[in-house]
Amino acid sequence: MRIRVQATIEKAFREAVAEGVFPEISIPASHQVVCPRQEAFGDFASNLALVLASKARRSPRELAACLAERLDDDPLFNRVEVAGPGFLNLSIAPIWWQKNLYTMWEAGDSYGDSDVGKGRRVQVEFVSANPTGPLHVGHGRGAAVGDSLARLLKAAGFDVEKEYYINDVGNQMKTLGSSVYLRYLEHFGHKVDFPREYYQGDYIKDIASDIASREGDKYVDVPLDLCLTLFIDAAVRYISHSIHRDLQDFGVYFDSWFSEKVLHDTGFLVKTISELQARGYIYEQDGALWFRSSELGDEKDRVVRRSNGIFTYFAADIAYHRHKLERGYDLLVDIWGADHHGYVPRVKAAIKAQGYPEDRLRVLLVQLVNLMEGGRPAAMTTRGGEFVTLREVLDDVGRDAARFMFLTRRCDSHLDFDLDLVKSQTQENPVYYVQYAHARLSSVFRKARDKGISLADPGHIDVSLLNTPEEIRLLKQLDLFPCLVAESAIALEPYRISYYLTELAGQLHVYYNRHRFVSDDPDLTQARLFLADVTKRVLHKGLGLLGVSAPDSL
RNA sequence: GCCCCCGUAGCUCAGGGGAUAGAGCACAGGAUUCCUAAUCCUGGUGCCGCAGGUUCGAAUCCUGCCGGGGGCACCA
């Protein structure tokens with residue numbers, strides 16, 4: 001509707017120019033049609049007169065008055081006013097909102113979908129937690145954001161793939177294997193000195209006793225360097241399995257799992273680095289290989305191969321991103337923890353060095369979750385041993401509440417996740433507010449069916465009966481949905497959906513308390529059930545974009 | 001020291017050039033013969049961190065400062 005209003009205003013302006021009423025000036029990009037904060041200002045407000053005033057050398061109010069006169073006759077509007085410094089405030093005639101319901105209904109389950117993505121291929125890479133421990137709450141936030149974003153992009157007409165990058169190479173793997181080995185020795189009664197920098201969590205002991213029960217004590221007398229690989233493999237297998245299970249229970253699925261090890265084993269990493277070297281982006285100094293990232297926007301050059309001959313994690317990342325680029329995506333989205341922000345310029349440098357525009361990659365930094373327990377921050381490091389896992393949160397509050405919670409904030413703001421609050425007051429959680437709205441509407445239809453009433457063919461429904469302020473407000477909110485989905489997708493901001501849904505649910509609750517859907521008036525009942533049907537569908541669709549269920553009863 | 005994010009109501013946060021800055025929570029009171037009271041209604045709060053600048057207009061953009069968080073390895 002907003003787009004239609006904007007087009008109508010701009011058409012009126014061009015006509016006025018053609019008739020010589022206004023001097024010949026083009027409409028600036030700063031022309032905006034917005035929904036004003038206050039209802040008294042109408043449904044839409046245009047700043048066209050304000051942004052034209054200086055060029056037209058006329059007062060904004062005078063320009064606005066001229067435009068208002070022309071728009072007044074348009075049947076789309078029932079009120080056009082000049083207000084404040086020169087705003088054009090416009091009220092849509094109710095019939096347009098009401099008739100809109102047919103369009104929404106016809107769109108069915110695809111209402112909200114659009115083709116702004118034009119089928120462009122997008123890859124969203126997220127979670128990508130190292131297989132050295134269970135997923136914690138912070139990973140949960142990344143998982144919720146990434147998965148919801150993928151759903152949004154899909155609805156907006158992008159061709160989306162989700163990928164998980166597994167860092168299964170490097171020192172951390174040695175540390176992991178060694179940690180398990182020591183716990184294995186402990187299992188058989190050996191006294192060991194367990195270093196502080198090793199993985200402290202109890203899951204290490206679980207893996208060790210798992211190996212012990214399967215293989216017995218045959219590795220007790222084998223030196224670590226001879227059996228390290230075995231311990232690493234067992235640990236990675238065990239942990240990966242638990243990560244898969246956690247994500248599955250969280251409702252998050254990936255199209256592909258990409259192993260860093262593959263980049264090393266296939267020689268792709270070496271090939272990538274040597275090609276960069278041939279093109280002058282890599283040089284040798286102090287026995288190490290350096291990437292000239294400082295010439296590509298990073299603050300300094302970065303080591304890709306240490307003087308001991310081992311490639312850095314960053315080298316693998318260069319190769320990984322090249323691999324992604326060569327797979328032909330139009331856009332790469334990486335979702336990282338905000339503690340990796342210093343990494344953005346060097347990865348962008350790697351993108352540029354390989355001849356791609358840097359905006360081919362967009363990095364979403366998800367701020368860490370401040371986990372609160374008993375009014376105190378709770379520790380959350382994998383090595384510290386004391387951390388709250390995603391599993392624990394899932395068991396405590398459930399998938400829906402957890403996902404919604406993670407998506408109620410912009411991802412670059414810190415999120416306080418108060419375990420006590422979430423555990424003890426689950427009914428205060430906003431997710432139930434939205435789900436309840438959906439359940440209430442389901443209940444309305446159950447009740448109607450009990451009375452032998454079913455929704456008639458829309459062609460026989462008189463939508464003009466939907467004329468209370470609450471109904472018009474609902475119709476307006478429903479109208480916003482497709483635009484919101486498209487804009488949130490392009491901005492990569494899934495949290496906007498949760499705000500919208502809370503607002504829509506609120507309007508439904510207000511309406512529900514003031515009016516009855518099912519009444520003695522058959523025509524009115526039909527019209528209201530029609531509204532209920534579309535509202536229910538938008539709630540369902542919106543919750544689906546967040547990966548949250550829409551129950552028929554609570 | 002340098003870089004990134006944040007600073008808005010008692011708390012958690014929306015709003016990110018536009019008119020009188022909003023919501024939830026918390027607090028107090030009220031609403032159900034009738035579609036689910038996990039709901040609704042009523043009640044009041046703000047130097048929008050500070051100081052400059054940009055302009056018709058700044059919570060919003062720019063600069064500096066203050067405060068909080070995070071990051072600055074030949075670690076991963």
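In what follows, chains are A, B, ... by sequence order, proteins preceding strands, each numbered from 1. Given the structure is predicted, the values throughout are model-derived calculations rather than measurements.
- Residue A:Tyr495 has a polar side-chain atom (N or O) positioned under 4.0 Å from OP1 or OP2 of B:G15.
- A:Asn167 comes within 4.0 angstrom of no nucleic acid atom, judged by non-hydrogen atoms across all strands.
- Distance from the side chain of A:Val444 is smallest to B:C35 among B:C74, B:C35, B:C40.
- Other residues, nucleotides and ligands contribute at most 12 non-hydrogen atoms within 6.0 Å of the NZ atom of A:Lys261.
- Looking at heavy-atom distances under 4.0 Å, A:Asp552 makes contact with a base.
- Using a 4.0 Å heavy-atom distance criterion, A:Leu50 is classed as a base contact.
- A donor and an acceptor atom never sit less than 3.5 Å apart when one is taken from the side chain of A:Arg496 and the other from the base of B:G15.
- Using a 4.0 Å heavy-atom criterion, one finds that A:Val510 contacts the sugar-phosphate atoms exclusively.
- Dashed line: the shortest gap from a side-chain N or O of A:Arg306 to OP1 or OP2 of B:C75 is under 4.0 Å.
- Distances shorter than 4.0 Å separate none of the side-chain N or O atoms of A:Arg410 from OP1 or OP2 on B:C5.
- Whole-Å rounding puts the A:Glu487 CD to B:G15 P distance at 13 Å.
- Between A:Arg440 atom CZ and B:A38 atom P there is a gap of 8 Å when expressed in whole angstrom units.
- Under the 4.0 Å criterion applied to side-chain N and carboxylate O atoms, A:Glu81 and A:Arg79 are assigned as salt-bridge partners.
- In terms of phosphate contacts, A:Lys300 brings a side-chain nitrogen or oxygen within less than 4.0 Å of OP1 or OP2 of B:A73.
- Scanning atom types as modelled, no donor and acceptor separated by under 3.5 angstrom connect the side chain of A:Thr312 and the base of B:C74.
- Pairs of residues two or more places apart, or lying in two chains, never qualify as ring pair (Phe, Tyr, Trp, His ring centres under 6.0 Å) while including a residue from residues 29-57 of chain A.
- When heavy atoms are screened at a 4.0 angstrom cut-off, A:Tyr343 is found touching base atoms of the nucleic acid.
- The side-chain ring of A:Phe87 is not stacked on the base of B:G18, judged by centre separation under 5.5 angstrom and plane angle under 30 degrees.
- Nucleic acid contact for A:Asp286: base, since at least one base atom lies under 4.0 Å from a heavy atom of the residue.
- Heavy atoms of A:Ser519 sit nowhere under 4.0 angstrom from any nucleic acid atom.
- No donor-acceptor contact under 3.5 angstrom links the side chains of A:Arg409 and A:Tyr499, judged on distance only.
- Closest to the side chain of A:Asn130, out of B:C74, B:A76, B:A19, is B:A76.
- Contact check on A:Arg305 versus A:Glu284 returns no salt bridge, with no Lys/Arg side-chain nitrogen under 4.0 Å from an Asp/Glu carboxylate oxygen.
- Among the atoms of the strands shown, base atoms are found under 4.0 Å from some heavy atom of A:Phe41.
- Between A:Tyr320 and A:Tyr165, the ring planes lie parallel to each other; the angle is under 30°, not in the 30° to 60° tilted range.
- For the pair A:Lys348 NZ and B:C4 C1', the interatomic distance rounds to 14 Å; values are reported in whole Å.
- Residue side chain A:Asn89 reaches the base of B:A19 through a donor-acceptor N/O pair under 3.5 Å, judged by distance alone.
- Taking atom C1' in both B:C66 and B:C50, the straight-line distance is 7 Å, to the nearest Å.
- Using a cutoff of 4.0 Å between basic side-chain nitrogens and carboxylate oxygens, A:Lys324 and A:Glu125 are scored as salt-bridged.
- Salt bridge present: A:Arg496 and A:Glu493 bring a charged side-chain N and a carboxylate O closer than 4.0 Å.
- One atom, CD of A:Gln435, and another, P of B:A38, lie 14 Å apart when rounded to the nearest Å.
- Counting non-hydrogen atoms under 4.0 angstrom, A:Arg514 reaches the backbone sugars and phosphates but no base.
- As judged by a 4.0 angstrom heavy-atom cut-off over every strand, A:Val169 is placed among residues touching the sugar-phosphate backbone only.
- Counting any heavy atom pair closer than 4.0 Å across all strands shown, A:Ala532 reaches no nucleic acid atom.
- Note on A:His515: a base of the nucleic acid sits closer than 4.0 angstrom, heavy atoms only.
- A salt bridge is defined here as a Lys NZ or Arg NE, NH1 or NH2 lying under 4.0 Å from an Asp or Glu carboxylate O, and A:Arg537 with A:Asp533 meets this definition.
- Of the P atoms belonging to B:G15 and B:G22, the separation is 15 Å, rounded to the nearest Å.
- As a whole-Å value, the separation of A:Glu197 CD from B:A76 P is 15 Å.
- Between B:C74, B:A38, B:C35, one nucleotide has an atom nearer to the side chain of A:Leu554 than all others, and that is B:A38.
- As judged by a 4.0 angstrom heavy-atom cut-off over every strand, A:Ala448 is placed among residues making no nucleic acid contact.
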- Query: If pairs are Watson-Crick or G-U with both distances under 3.5 Å, what is the dot-bracket string of RNA chain B, marking crossing pairs with [ ] and pairs to another strand with |?
  - Reply: (((((((..((((....[...)))).(((((.......))))).....(((((..]....))))))))))))....

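- Look at CD on A:Glu284: it is 16 Å from P on B:C74, rounded to the nearest Å.
- Between A:Asp298 and A:Arg302 a salt bridge is recorded (basic side-chain N to carboxylate O distance below 4.0 Å).
- You'll find that the side chain of A:Asp339 is closest to B:G71, out of B:A14, B:G71, B:C35.
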